Amino acid sequence: MYSYWWILLTLSVSEGYKILVVFPIPAGSHRNLGDGYVRHLLKAGHEVTYITPFVKENSNPKFRQISVADNFKAINGQSLNVTALMSHQVELDQDRLFQLSINLTKNTLDNEAVQKLLNDASEEFDVVVAEWMFNDIYCGFSAVFNCPYIWSFPYEANFVSLGLIDEATNPAYTANIQVSDVPPFNFWQRAYALWFQVLSNLKQILLYENIEKEFYEKTFTPIVKRRGRNLPSYDELRYNASMVLGNSHVSLGQAIRLPQNYIPIAGYHIDDDTEPLPEDLKRIMDNAKYGVIYFALGSNLKSKDLPENVKNNLLTLFGELNQIVLWKIEQTLPNKPKNVHFLEWAPQQSILAHHNCILFITHGGLLSTTEAVHFGVPFIGIPVFFDQIFNVEQSVQRGIAKKVILTNNVDKDLRVAINEILNNSKYNERIKETSFIYHNRPVPPGKELVHWVEHVVRSGGAPWHRSPARLVPWYQKMFLDLVALIIVFVFVFLQTIKFMLSCISTQKVPYKKKIT
Ligand SMILES: *[C@@H]1O[C@H](CO)[C@@H](O)[C@H](O)[C@H]1NC(C)=O
Ligand SMILES: *[C@@H]1O[C@H](CO)[C@@H](O)[C@H](O)[C@H]1NC(C)=O
Ligand SMILES: *[C@@H]1O[C@H](CO)[C@@H](O)[C@H](O)[C@H]1NC(C)=O
Ligand SMILES: *[C@@H]1O[C@H](CO)[C@@H](O)[C@H](O)[C@H]1NC(C)=O
């Protein structure tokens, strides 16, 4: 009897869940976010199937990869061309983002390997984790596998992510990553925030929604039917996420109200054990008497694509500094000064973790700013598009960064900013404070990630955590139906009185004044 229970117990602990992790965006930062889920879930003993364009070597029998490597071809090259973005020949506005996202979604779901997975009736999962990127179509995975799903949201919570599980945020005091204004807003900023939110919603309803719905139905109807069920409507399913696990934290963003099933887990992508630096790099950093400045533009925008004169001016600027400069650039430039080192590939986290790293020059992507806060290194942000502009503005307001605009004269502004940060200790003090708030959580974000994914499976989709607000239409939230009822009531009441008065006056009842 005793041994029987013991076997049951070890079985239930060691078995783990079957989890589908969907991160098909062919960009380095999104790979890091997806890899973070895979790493933590595998470590917790689960079986992970990973839809990714970045297939890696693997010998773990509990880990399977579904390659969507041809997603690289689905991205229009100009969308990430730093020269074109700099000169505003290309704007990464909402329409382009939607196009980009729908192209990628189509390419992912039409992919042969993904189709095979979806159509194989023997495939089963306990939960799906999908990265949300400007459309909700991946909710269809949960209909196929008849299991709950979780959105991974790559940015700070906003009206879009919270609208999926609760309700839109109030634009009067909530920043939106696509607008660079940081609250508290002045009158015009507040008006613009409202305009942006209303316009986005209108575009969603009038332009995008039908495209999404059509593709959702075309793709998933036959697959779900083959499994003997009917596809729920798009609206039913896309508001049925169990949780949003957000790549955000109050130390990096704003203190906004969050529903019970939004869990902020920023920083989970950073490995607890930082990889040691390669020997040569370690020696360079160990011996940097005046410290090290690390310059990297992220994985999408390449330093080598900067205009030639900009690269040469930057090299001259770096050569004048006392510090060692590590420049992540995919080429070598002529006339390299002694204190500058080109790195084709850079172990960013290990560099930031080194005690001699005193300044980080970055494009201001959320993962890079998160890592700067994690390792407590003040930074200069050179934002190029999308959330980078807001991330940097917000960090400037926090006093942990300076902002420099990417123009042909970027070296001049950069010189001023470097001097300011290195000469003024307040940036360093502020980033250490911010870093403390970031690290001082009851559990590390990776643990939280695993906990909530498991909770969703164990609780059958976490129905207790769901906000009732998502089922209430906006006019009911604003009590417009009640207002309408009151208006009707008052109108009827006034009409009745008017009618009665007119009856009285037409009856011409003899009227006698009562004398007292
Ligand atoms: C999306 O795909 C269409 C058709 O293939 C293409 O014309 C367009 O340039 C793509 N858009 C983006 C932003 O990649
Ligand atoms: C980037 O855009 C510029 C300007 O439009 C263009 O001249 C250049 O060829 C593009 N580079 C790539 C790699 O497409
Ligand atoms: C500090 O500022 C002075 C000018 O006020 C400048 O000459 C010097 O180079 C700066 N020091 C550093 C480390 O940037
Ligand atoms: C919504 O999620 C719950 C819990 O996961 C599930 O029981 C229900 O069937 C889902 N509804 C639809 C329409 O898929």
Side-chain angles (χ1 to χ4, degrees), residues 17-20 24-27 30 53 68 70-81 84-85 88-111 124-130 133-151 164-166 178 203 207-208 211-217 219-221 223-225 227-245 259-261 300 385-386 452-471:
Y17 300 126
K18 289 186 164 176
I19 302 171
L20 178 63
I25 297 180
H30 296 272
V68 287
D70 67 354
N71 276 3
F72 285 100
K73 283 184 245 145
I75 287 197
N76 176 336
Q78 284 301 91
S79 298
L80 296 174
N81 177 334
L85 286 161
H88 295 278
Q89 288 167 333
V90 169
E91 298 287 351
L92 211 51
D93 58 11
Q94 211 187 353
D95 290 328
R96 186 174 267 269
L97 280 172
F98 177 74
Q99 275 309 322
L100 204 68
S101 97
I102 207 85
N103 283 8
L104 275 171
T105 303
K106 285 185 176 176
N107 216 60
T108 302
L109 289 173
D110 288 342
N111 182 294
E124 282 179 350
F125 294 101
D126 296 307
V127 61
V128 174
V129 180
M133 264 310 255
F134 299 96
N135 72 61
D136 313 328
I137 295 171
Y138 295 140
C139 67
F141 282 108
S142 95
V144 174
F145 300 111
N146 203 18
C147 68
Y149 74 98
I150 296 169
W151 288 123
L164 288 170
I165 53 167
D166 182 42
Q178 292 186 62
K203 278 188 169 174
L207 301 177
Y208 307 149
I211 302 175
E212 291 178 26
K213 206 175 275 181
E214 197 182 307
F215 186 70
Y216 163 85
E217 284 167 4
T219 306
F220 291 110
T221 305
I223 297 170
V224 175
K225 193 141 261 161
R227 286 176 180 250
R229 279 175 275 119
N230 284 325
L231 183 68
S233 78
Y234 189 47
D235 274 343
E236 232 180 310
L237 201 54
R238 71 201 186 108
Y239 293 117
N240 200 38
S242 295
M243 300 242 153
V244 172
L245 299 185
Q260 297 287 326
N261 57 350
N300 297 324
F385 61 67
F386 197 50
W452 289 110
V453 171
E454 289 175 350
H455 178 86
V456 165
V457 180
R458 287 180 186 154
S459 65
W464 280 269
H465 282 75
R466 300 201 186 178
S467 163
R470 81 190 198 290
L471 300 175

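In listed order, ligands and their atoms are each counted from 1. Quick caveat, the model's predicted, so the values are computed rather than measured.
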Considering both backbone and side-chain atoms of Asn103, is one of its nitrogen or oxygen atoms within less than 3.5 Å of a nitrogen or oxygen in ligand 1?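 It does: an N or O of Asn103 is found under 3.5 Å from an N or O of ligand 1.
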
Separation between CD of Glu124 and CZ of Phe145, rounded to the nearest 0.5 Å: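 With rounding to 0.5 Å, CD (Glu124) is 9.5 Å from CZ (Phe145).
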
Hey, what's the ring geometry for His455 with Trp452, parallel, tilted or perpendicular (30° and 60° as the breaks)?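 Correct class here is perpendicular.
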
Any idea how Tyr216 and Phe220 line up, ring-wise: parallel (<30°), tilted (30 to 60°), or perpendicular (>60°)?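 Tilted.
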
With heavy-atom distances below 4.0 Å as the criterion, list the atoms of ligand 1 near Leu100.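 So the atoms of ligand 1 that pass are 13 (C), 14 (O).
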
Check ligand 4 against the protein and report each N/O to N/O distance under 3.5 Å, formatted as atom name, atom name, distance.
from, atom 1, to, atom 2, distance (Å)
ligand 4, 2 (O), Asn240, OD1, 3.2
ligand 4, 2 (O), Asn240, ND2, 2.5
ligand 4, 11 (N), Asn240, ND2, 2.8

Within the distance-only criterion (no hydrogens, no angle test), does the side chain of [X] pair as donor or acceptor with the backbone N or O of [Y] below 3.5 angstrom?
{"X": "Tyr208", "Y": "Asn135", "value": "no"}
{"X": "Arg238", "Y": "Cys139", "value": "no"}
{"X": "Asn71", "Y": "Pro24", "value": "yes"}
{"X": "Asp126", "Y": "Lys18", "value": "yes"}

